[in-house]
Protein chains: 2
Amino acid sequence: MVFDYQLHLILLFSYFAFKIYLRIIFKKEVKMMPRRGPFGPPWWHPWFKNCGCRITGPREVILQVLSEMPGHPSADEIYLSVKKLYPQIGLATVYRTLDLLANLGLVHKLDFGEGRARYELAKGPGTKGHHHHLICIRCQKVVDYADFTDEEREFLEKVEKSLSEKYNFQITDHLIQFYGICEECRRREGEEK
Amino acid sequence: MVFDYQLHLILLFSYFAFKIYLRIIFKKEVKMMPRRGPFGPPWWHPWFKNCGCRITGPREVILQVLSEMPGHPSADEIYLSVKKLYPQIGLATVYRTLDLLANLGLVHKLDFGEGRARYELAKGPGTKGHHHHLICIRCQKVVDYADFTDEEREFLEKVEKSLSEKYNFQITDHLIQFYGICEECRRREGEEK
DNA sequence: TTTTCTATTGATAATGATTATCAATAATAA
DNA sequence: TTATTATTGATAATCATTATCAATAGAAAA
């Protein structure tokens with residue numbers, strides 16, 4: 001019993017020590033295990049069970065990759081990342097899974113006007129809260145924007161109430177994006193003149 | 001001189017009389033002439049001249065069609081409408097012209113998440129003012145929404161100012177869309193249960 | 001008016017993201 | 001363990017949009 005506990009501690013210590021070692025070697029974060037509570041199933045299992053969806057290898061890996069990719073990856077970028085951990089993955093499976101996750105509300109499907117969709121994990125530990133996007137119309141750079149939530153919430157509530165009444169719509173979601181020219185592009189264009 | 005003036009009046013009267021006649025026969029609005037001031041060039045000519053663009057037949061027809069199509073037509077729908085007035089038009093020209101018009105700010109390019117763009121005339125007589133869109137996530141129906149502009153303007157000014165300062169973006173535009181389920185689809189889904 | 005220059009056009013091929021198809025596989029319930 | 005069927009991977013198909021290119025036609029200059 002006591003030995004068990006000590007063994008556990010030693011293994012846990014070794015795990016973190018090795019992770020730190022790898023981090024020093026590769027100079028980046030290394031995730032060795034799928035993200036899960038230390039003594040329980042990953043957080044997304046209930047969502048799958050709930051809709052009668054099966055929990056499969058490809059889905060686990062796609063969710064893991066999504067939770068580790070910063071920014072707003074495209075389907076293709078996700079596919080390439082998944083391929084490293086799970087080489088037999090097919091592109092169609094990535095599209096299907098992203099579609100499923102979007103329907104479950106676990107990811108947001110984003111459109112920055114590039115002619116392809118981008119994705120962002122919406123639920124789970126470590127995800128950003130509600131936010132909007134600020135997009136540079138020159139270089140397509142995207143900045144997440146999450147300020148002014150008080151006024152925003154008030155404003156949106158008012159508008160959504162009004163819309164519900166006037167058009168008999170049951171509002172489920174909204175999209176707000178700002179477009180502009182980022183500092184870098186402005187500077188570059190200034191120099192060109 | 002005086003005769004000239006009277007002739008003008010008679011012709012003008014005949015034009016409207018005939019238009020009303022056609023309207024009764026076909027039960028819809030009939031546009032017989034390109035939309036232009038009665039004694040001047042169409043309103044969009046200055047925009048073209050200004051950027052060194054040539055004023056061509058296809059462009060005139062596309063603008064005319066845009067000013068007469070209600071709602072939010074897709075490139076393909078515009079192409080088919082233009083084809084009736086100008087059968088030799090090519091699809092590529094429609095795309096090129098819409099792209100040009102969007103860059104000039106004469107049309108808005110819209111995205112309702114259907115995998116193809118839709119367009120809306122932004123300038124010129126008879127166009128709707130600034131408004132947003134309310135989209136049914138079931139049947140894709142789109143309602144134009146233009147209320148609450150006071151609060152909205154105040155809110156947006158505040159946000160855009162904050163964004164300019166914080167991220168050094170020069171804000172040029174914004175996009176606000178609301179998603180929901182329209183009355184019809186809600187009723188239909190209620191019945192299915 | 002005529003000439004000259006070159007932006008624009010139409011036809012069509014190419015692109016590229018996403019979706020459909022289908023036999024093989026594997027997750028789950030019994 | 002077995003039966004059921006959702007899911008998968010490979011690949012073909014789809015479909016909106018873009019690129020290519022020789023021919024055409026605005027419009028500035030002569």
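Lettering of chains follows the sequences in order, A, B, ..., and the numbering in each one begins at 1. In this text the structure is predicted, and so the values were computed from the model without any measurement.
- By the salt bridge (charged side-chain N to carboxylate O under 4.0 Å, His left out) test, E77(B) pairs with R118(B), sequence neighbours left out.
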(request) Quick one, give me the B/S/- string for nucleotides 20-30 of chain C, reading 5' to 3', where B means a protein heavy atom under 4.0 Å from the base and S means that only happens at the primed atoms, P, OP1 or OP2. (result) BB----BBS--
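- For the ring pair (Phe, Tyr, Trp, His ring centres under 6.0 Å) test, residues two or more places apart in sequence or in another chain that qualify with H72(A) are F112(A), H133(A).
- Partners of Q140(B) under the side-chain contact (heavy atoms from CB on, under 4.5 Å) rule, at least two apart in sequence or in another chain, are E114(B).
- For the pair H45(B) NE2 and dG26(D) P, the computed distance is 12 Å after rounding to whole Å.
- Distance, L91(A) CG to dA13(D) P: 17 Å, rounded to whole Å.
- Applying the side-chain contact (heavy atoms from CB on, under 4.5 Å) criterion to K123(B), with sequence neighbours excluded, gives W43(B), W47(B), L106(B).
- The distance from atom CG of D76(B) to atom P of dT14(D) is 16 Å, rounded to the nearest whole Å.
- Across residues 97-119 of chain B, not one residue has a non-hydrogen atom less than 4.0 Å from an atom of DNA chain C.
- The ring pair (Phe, Tyr, Trp, His ring centres under 6.0 Å) check on H108(B) picks up nothing, with sequence neighbours excluded.
- Residues P58(B) and I89(B) share a closest heavy-atom pair of CB-CD1, 3.7 Å.
- Partners of R138(A) under the salt bridge (charged side-chain N to carboxylate O under 4.0 Å, His left out) rule, at least two apart in sequence or in another chain, are E189(A).
- Residue pairs meeting the side-chain hydrogen bond (donor to acceptor under 3.5 Å, both in side chains) criterion with at least one member in residues 91-104 of chain B, sequence neighbours excluded, are T93(B)-R96(B).
- If you measure from atom CZ of F48(B) to atom P of dA25(D), you get 18 Å, rounded to the nearest angstrom.
- Annotation for Q177(B) and D111(B): closest pair NE2-O, 3.3 Å, computed over non-hydrogen atoms.
- Scanning both residues, C185(A) and R188(A), for their nearest heavy atoms gives SG-NH2, 2.9 Å.
- In terms of the side-chain contact (heavy atoms from CB on, under 4.5 Å) criterion, residue partners of K49(A) (sequence neighbours excluded) are, by chain and number, I55(A).
- Among all heavy-atom pairs drawn from L104(A) and C51(A), the shortest one is CD2-SG, 3.9 Å.
- The OH atom of Y95(B) sits 4 Å away from the P atom of dT17(D) (whole-angstrom rounding).
- A salt bridge links E165(B) with K161(B): the distance from a Lys NZ or Arg NE/NH1/NH2 to an Asp or Glu carboxylate oxygen falls below 4.0 Å.
- Over its length, the helix from dT1(C)-dA30(D) to dA30(C)-dT1(D) turns its helix axis by 40°, as judged from the five terminal pairs at each end, rounded to 10°.
- At a non-hydrogen distance threshold of 4.0 Å, nothing from residues 79-89 of chain B comes into contact with DNA chain D.
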